[in-house]
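Encoded as structure tokens, the structure appears first; notes follow it.
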Number of protein chains: 2
Amino acid sequence: MKNISRRTVDRALIYIRTLEHLIKEKRYLVSSKDLALITGISDVQIRKDISSFGKVGRPRIGYKTAELNKTLKGFVLQENVVHVALFGVGHLGTAILRYPAFNEDNIKLVAAFEKDKSKIGKKINGVRVYPVEMAPKIIKRTHADLGIIAVPASHSQEVADIMVLSGLRGIVNFAPASISVPKSVIVKDIDFTIELLSLFCNSQR
Amino acid sequence: MKNISRRTVDRALIYIRTLEHLIKEKRYLVSSKDLALITGISDVQIRKDISSFGKVGRPRIGYKTAELNKTLKGFVLQENVVHVALFGVGHLGTAILRYPAFNEDNIKLVAAFEKDKSKIGKKINGVRVYPVEMAPKIIKRTHADLGIIAVPASHSQEVADIMVLSGLRGIVNFAPASISVPKSVIVKDIDFTIELLSLFCNSQR
DNA sequence: CAATGTGAAACGCTTCACAGCG
DNA sequence: CGCTGTGAAGCGTTTCACATTG
């Protein structure tokens, strides 16, 4: 029930994902050691994370999967559905629109934006594609919280500016270039090239 | 010239990406403060990172972009081309195969693997699609270093097992499920759902 | 005994403060 | 002065060691 760190929240999301899988398999109990084996996170770390949300485990027995899942979700997600706007409907953008896991998991793609006129007006997996100029209006109307940048690096900054202007509070940036935003907006960069090169460098020792 | 941490290597890759952009714009000099403004990383952090590769900057002047880029690349990449194998040629896998930035950046996709027979034998963006059973043979033949998991979570563990068996030393896992591998193999998880939820949780404070 | 829960120690990373240099 | 380079301090996170519990 203490101050919950960013890292703890991120791991909590992994616990939730794991627990939902275990619940589907009709598993009722799980120990921190079991979770450690599945997730690769240390058992002490897991107990420490979980205990920061309250005392829900029982010595000698472990945690009830459903109860623990409910507790964690209550703290980190609070039954919210996250509304997301996508910028860029190229190969990657389309793959994101068709990503199956979003449906179940508290995430709703509310709109997509594109420059290329041949794509505008279409619906992909139920999501309408709009011209970029309409972003501020549509984002406000749909109450989008977060945005995804899936446009080429050469246009990522101008898209980021529109996102900030539209009131989005967080950005996942798939473009291989840094973007500048006010520090009230959180950015998570995912550059496929850097992820691979990082892995390679770190596997070389 | 000291012990270079994992975090420093990751940031070095960002510096390299930024420097190559600056070099393309014919910029010859850059200060740590300039780089800080572009990347969002603090100027002290940047100087500390760079100095761990040697003294290449000049007080009052800054760093020569081309020289710094060469130094960083020399340490972290050593002119290697990273050979990557892709598992899963669905929407995401196809987007990865068509990802434009790989061509320039020391990364070569050497093979793709699929279960679905209708996709096998095709070439996408110059990369041949093979049946999964051929993975160990093809991976050895092509000297692949790393693998990407872009299959559904329900098959991610069996694919991971094949990757380990084939001798891959690092895995980027896009499936929304944890995988178990020997600790000699490094895993980088990228779960779109978790990235978005994490961003949302952390933007709520 | 086999599990959770937790203060304290250890560790790694970032920031501070400032020396050095042209 | 304006920049790099760096030892030391500060901070956050993980691990250790162990008390606690049914």
Side-chain angles (χ1 to χ4, degrees), chain A residues 1-15 18-19 22 27-69 71-72 75 183 186 198 201-202 205, chain B residues 1-15 18-19 22 27-69 71-72 75 183 186 198 201-202 205:
Chain A
M1 224 75 121
K2 305 281 182 63
N3 46 341
I4 290 150
S5 81
R6 205 184 163 116
R7 298 292 252 288
T8 296
V9 170
D10 285 359
R11 283 189 300 264
L13 293 167
I14 296 176
Y15 306 149
T18 308
L19 287 164
L22 291 172
R27 175 116 171 229
Y28 288 100
L29 288 169
V30 73
S31 70
S32 58
K33 223 166 190 174
D34 296 333
L35 286 172
L37 232 92
I38 298 170
T39 62
I41 299 164
S42 85
D43 57 337
V44 193
Q45 183 73 79
I46 290 172
R47 287 200 297 282
K48 203 146 220 174
D49 285 336
I50 292 174
S51 75
S52 67
F53 298 105
K55 296 191 184 183
V56 292
R58 287 205 275 170
R60 168 89 212 199
I61 291 169
Y63 305 91
K64 293 185 190 171
T65 51
E67 184 191 352
L68 178 55
N69 189 43
T71 303
L72 294 180
F75 272 90
K183 60 179 174 304
I186 305 180
S198 160
C201 295
N202 290 309
R205 21 196 109 206
Chain B
M1 223 77 120
K2 308 279 183 61
N3 46 342
I4 289 149
S5 82
R6 206 184 163 114
R7 296 292 251 291
T8 296
V9 171
D10 285 1
R11 282 189 300 265
L13 293 167
I14 295 175
Y15 306 149
T18 308
L19 288 165
L22 291 173
R27 174 113 173 234
Y28 287 100
L29 287 169
V30 72
S31 71
S32 58
K33 223 166 190 175
D34 297 333
L35 285 172
L37 232 93
I38 298 170
T39 62
I41 299 164
S42 85
D43 57 338
V44 192
Q45 183 72 80
I46 291 172
R47 286 200 299 280
K48 201 143 222 176
D49 286 336
I50 292 174
S51 74
S52 68
F53 297 106
K55 296 192 184 182
V56 292
R58 288 205 275 173
R60 169 89 211 195
I61 292 170
Y63 305 91
K64 292 186 190 170
T65 51
E67 184 192 352
L68 178 55
N69 189 44
T71 303
L72 295 179
F75 271 91
K183 61 178 172 306
I186 305 180
S198 160
C201 295
N202 290 309
R205 21 197 109 208

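Below, chains carry the letters A, B, ... as their sequence lines are ordered, and counting in each starts from 1. Values below: every heavy atom of this structure, side chains too, minus hydrogens, waters and symmetry copies.
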Rounded to whole angstroms, how far apart are CD1 on B/Ile46 and C1' on C/dC13? 15 Å
Rounded to whole angstroms, how far apart are CG on B/Asp43 and P on C/dT14? 14 Å
Short side-chain to backbone donor-acceptor contact, B/Ser32 and B/Ile46, under 3.5 Å: no
Should A/Ser5 be listed as having a side-chain N or O under 4.0 Å from OP1 or OP2 of D/dG12? no
With distance as the sole criterion, do the side chain of B/Arg47 and the base of D/dG5 form a donor-acceptor contact below 3.5 Å? yes
Considering all heavy atoms of both residues, which atom of A/Arg27 and which atom of A/Asp34 are nearest to each other, and what is their separation? NH2-OD2, 2.9 Å
For B/Phe53 and D/dT6, give me the distance from atom CZ to atom P, rounded to whole Å. 14 Å
Between C/dT4 (C1') and A/Arg58 (CZ): distance, integer Å: 12 Å
Assess whether one donor atom and one acceptor atom, taken from the side chain of A/Lys48 and the base of D/dT15, lie less than 3.5 Å apart. yes
Between B/Ser51 and D/dT6, is there a contact of a side-chain N or O with OP1 or OP2 at under 4.0 Å? yes
Separation of D/dC1 P from B/Lys33 NZ (nearest whole Å): 15 Å
Does anything in residues 59-68 of chain A reach DNA chain D, meaning a heavy atom under 4.0 Å, and if so which residues? A/Pro59, A/Arg60
Between atom CD in B/Gln45 and atom C1' in C/dC16, what is the gap in whole Å? 13 Å
Under 4.0 Å between a side-chain N/O of B/Ser32 and OP1 or OP2 of D/dT4, yes or no? yes
Nearest heavy-atom neighbours spanning B/Ser42 and B/Ala36: C-CB, 4.1 Å
Student check: side-chain heavy atoms of B/Gln45 and B/Asp49 closer than 4.5 Å: yes
Are A/Thr65 and A/Asn69 close enough that some pair of their side-chain heavy atoms sits under 4.5 Å apart? no
Which nucleotide in the list C/dT14, D/dT14, C/dA3 gets nearest to the side chain of A/Arg7? D/dT14
Should A/Ile4 and A/Val9 count as side-chain neighbours, where that means a heavy-atom distance under 4.5 Å? yes
Which of residues 35-42 of chain A have a heavy atom under 4.0 Å from DNA chain D? A/Ser42
Rounded to the nearest angstrom, tell me the gap between atom CG in A/Leu29 and atom C1' in D/dG22. 14 Å
Using whole Å, what does the distance between atom P of nucleotide C/dG5 and atom CG of A/Asp49 come to? 12 Å
Any side-chain N or O of A/Arg11 below 4.0 angstrom from OP1/OP2 of D/dT14? yes
Exactly one of A/Leu19, A/Thr71, A/Leu29 clears side chain to side chain contact (heavy atoms under 4.5 Å, CB included) with A/Lys64, and that residue is A/Leu29
Any salt bridge linking B/Asp10 with B/Arg6? Criterion: basic side-chain nitrogen under 4.0 Å from a carboxylate oxygen. no
Pair of N/O donor and acceptor under 3.5 Å linking C/dG20 base with B/Lys55 side chain: no
Between B/Tyr15 and the options B/Ile41, B/Leu68, B/Ile38, B/Val30, the side chain to side chain contact (heavy atoms under 4.5 Å, CB included) test singles out B/Ile41
Which atom pair, heavy atoms only, marks the closest approach of A/Val56 to A/Glu67? O-OE2, 4.1 Å
